[in-house]
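Computed from a predicted model, the values in this text were never measured in an experiment. By convention here, the first residue in the shown sequence is residue 1.
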Amino acid sequence: MPSWIGAVILPLSGLLLSLPAGADVKARSCGEVRQAYGAKGFSLADIPYQEIAGEHLRICPQEYTCCTTEMEDKLSQQSKLEFENLVEETSHFVRTTFVSRHKKFDEFFRELLENAEKSLNDMFVRTYGMLYMQNSEVFQDLFTELKRYYTGGNVNLEEMLNDFWARLLERMFQLINPQYHFSEDYLECVSKYTDQLKPFGDVPRKLKIQVTRAFIAARTFVQGLTVGREVANRVSKVSPTPGCIRALMKMLYCPYCRGLPTVRPCNNYCLNVMKGCLANQADLDTEWNLFIDAMLLVAERLEGPFNIESVMDPIDVKISEAIMNMQENSMQVSAKVFQGCGQPKPAPALRSARSAPENFNTRFRPYNPEERPTTAAGTSLDRLVTDIKEKLKLSKKVWSALPYTICKDESVTAGTSNEEQCWNGHSKARYLPEIMNDGLTNQINNPEVDVDITRPDTFIRQQIMALRVMTNKLKNAYNGNDVNFQDTSDESSGSGSGSGCMDDVCPTEFEFVTTEAPAVDPDRREVDSSAAQRGHSLLSWSLACTVLALQRLCR
């Protein structure tokens, strides 16, 4: 080649490089990227006006690019933050469900106990007057222990209720026998006859079954809401691995570096990235679903046989019935106690001068419905349970569904209808690799995220164990068993505390059985149905007082 030809070509080639053709100017401009980058709040000083060579890039394709090293670092951090926010926003529903429902249930149960205590106090002040007020701590202690159990205290419900009736028998035994003086040892002997004599009729046995299983179910259900709340809050705060952050950057912001800031990732591409980044969360799903199923079963118990509202609302009437049973059977009870514990010593003259009618004021008058406390927390247990059941059903499979929920977001991907004009990790084209299955072990061949399947996330494994423990407690509560006291013997069944088993028949695990607990209507028909019995109680009591008076005169 003649030397003059070379001399002409070299300057022309230099001119072509320094003066790009009109068709190439737009393709190599970073104007759109600058605009999108600035909209993210980043400084435009980081970004060139035109594409530059991309050998410096560590994540995005090393081709002509609009990204500097500083941009890639900042966009990588931005992709991490956006991913964390996406997971938190996507799990918002399940988190708020457990937070709000736990608050509502807790408020309801606490107010229910307060109302029941107030109702009993008001009724007993009107019915028994000063006699009740002088012994009110027996009843106050009962409610104190019920509240302590509900709030997580180490209370054996059966032992506590047995102790309540034993203490009540001691107090009443002294009141129906004012002519005698009873030592502490003697009263302890009296309390041992509680089961044998059944001075309160069948009320203590029935009430113990109803109270224990209702409280076990209520407390366990609220504990379940607490565990669900804590697990959801913890799992929704993800810490992406370095491999995940690289994949997120490549998916979300490498289009910027390629001069395609408006092109969104392909839907299937997004799914593989999210399944790799959220592999451990998906592994939570199995135990989470079992937990939700157990919560739903206990919710059914709360709606039906273990309804704490139907137990606590009439508890004042039930205890009053028990006291009247004691009044009716006072002479027989006293005679048997004297036979078993020995004849007590006579009381000082001043005390023995008081007669039984002065010790018992039996002007019993049940409340009208409008006099009773208002419904706890402005709602009913049935309404609360119906609401939470609907929400719980929606929260099943929430963790394995996270990738699909995130990738369905129009602000994240191009959607399923735009499979050709989307970012596939390298260019604007269809994404070809297959979608991975859920869970850690299925990510071994994930083409987008480097996942170490031999190292499960210990934090997620801790949440799985928490759910497993809670599910076990819910199963026990469903059968009326308190997991904390399963070795405590029951009066009839031999099962755990609060077993609710009757006639030596216990339900197998998750087998639904009916209950002998009467359903209480809002208008308190139970109060009305026992009115006739109370008339008979008053007549019997009057006869008993007459007999006692005649006995004293004969002496």
Side-chain angles (χ1 to χ4, degrees), residues 124 127-128 131-132 135 137-139 141-142 145 156-212 315-347 355-357 359-360 362 364 488-494 497 501-504 516 530 533-534 536-548 551-552:
F124 278 35
T127 305
Y128 304 110
L131 184 64
Y132 162 71
N135 296 278
E137 76 276 3
V138 176
F139 303 91
D141 289 347
L142 169 66
E145 289 300 287
N156 185 317
L157 284 174
E158 287 189 359
E159 289 182 3
M160 184 272 292
L161 289 167
N162 289 339
D163 183 59
F164 164 73
W165 292 111
R167 289 179 66 194
L168 187 59
L169 174 60
E170 290 178 13
R171 296 295 179 94
M172 288 194 64
F173 192 76
Q174 293 177 83
L175 293 170
I176 63 176
N177 293 287
Q179 67 274 31
Y180 295 110
H181 169 72
F182 300 100
S183 65
E184 290 297 322
D185 290 341
Y186 196 96
L187 290 175
E188 187 175 341
C189 178
V190 171
S191 67
K192 291 178 181 177
Y193 279 82
T194 307
D195 290 339
Q196 181 181 335
L197 297 175
K198 293 190 175 6
F200 300 109
D202 206 30
V203 173
R205 185 187 70 85
K206 287 184 176 179
L207 199 60
K208 179 167 69 172
I209 291 171
Q210 294 166 8
V211 167
T212 50
I315 196 169
D316 48 5
V317 178
K318 295 293 182 69
I319 294 175
S320 186
E321 286 176 357
I323 290 173
M324 289 188 174
N325 282 327
M326 173 71 178
Q327 291 173 340
E328 287 182 1
N329 301 312
S330 59
M331 287 190 294
Q332 298 96 309
V333 170
S334 296
K336 289 182 179 178
V337 169
F338 294 160
Q339 184 179 357
C341 299
Q343 190 69 20
K345 295 179 181 179
S355 63
N359 287 278
F360 268 114
T362 55
F364 181 77
T488 305
S489 61
D490 181 75
E491 61 178 16
S492 61
S493 68
S497 171
C501 304
M502 295 189 65
D503 302 323
D504 296 323
E516 68 292 321
S530 60
Q533 294 179 357
R534 294 198 188 91
H536 175 69
S537 299
L538 289 172
L539 179 61
S540 300
W541 175 239
S542 298
L543 290 172
C545 292
T546 303
V547 172
L548 284 172
Q551 286 178 336
R552 292 193 189 93

Contact between [X] and [Y] at the side-chain level, heavy atoms closer than 4.5 Å - yes or no?
X	Y	result
Val138	Trp165	no
Ile323	Thr127	no
Gln174	Leu187	yes
Lys206	Lys318	no
Leu197	Leu169	no
Lys208	Leu157	no

Over 12 non-hydrogen atoms of neighbours within 6.0 angstrom of CD in Gln339: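 Open: at most 12 neighbouring heavy atoms sit under 6.0 Å from CD of Gln339.
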
Parallel, tilted or perpendicular: ring planes of Tyr186 versus Phe182, cut at 30 and 60 degrees: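 Tilted, since the angle between the ring planes falls between 30° and 60°.
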
Closest non-hydrogen atom pair, Gln179 against Ile176: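 Looking at all heavy atoms of both residues, the closest pair is OE1-O, 4.4 Å.
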
Test side-chain contact (heavy atoms from CB on, under 4.5 Å) applied to Leu161 and Leu207, step by step: CA-CA 9 Å; Leu161 289 167; Leu207 199 60; 6.0 Å; no

Given Thr194, Asp141, Asn162, the one that forms side-chain hydrogen bond (donor to acceptor under 3.5 Å, both in side chains) with Arg167: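 The side-chain hydrogen bond (donor to acceptor under 3.5 Å, both in side chains) with Arg167 is passed solely by Asp141 among Thr194, Asp141, Asn162.
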
Distance flag, aromatic centroids of Phe173 and Tyr193, threshold under 6.0 Å: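 Ring centroids of Tyr193 and Phe173 are no less than 6.0 Å from each other.
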
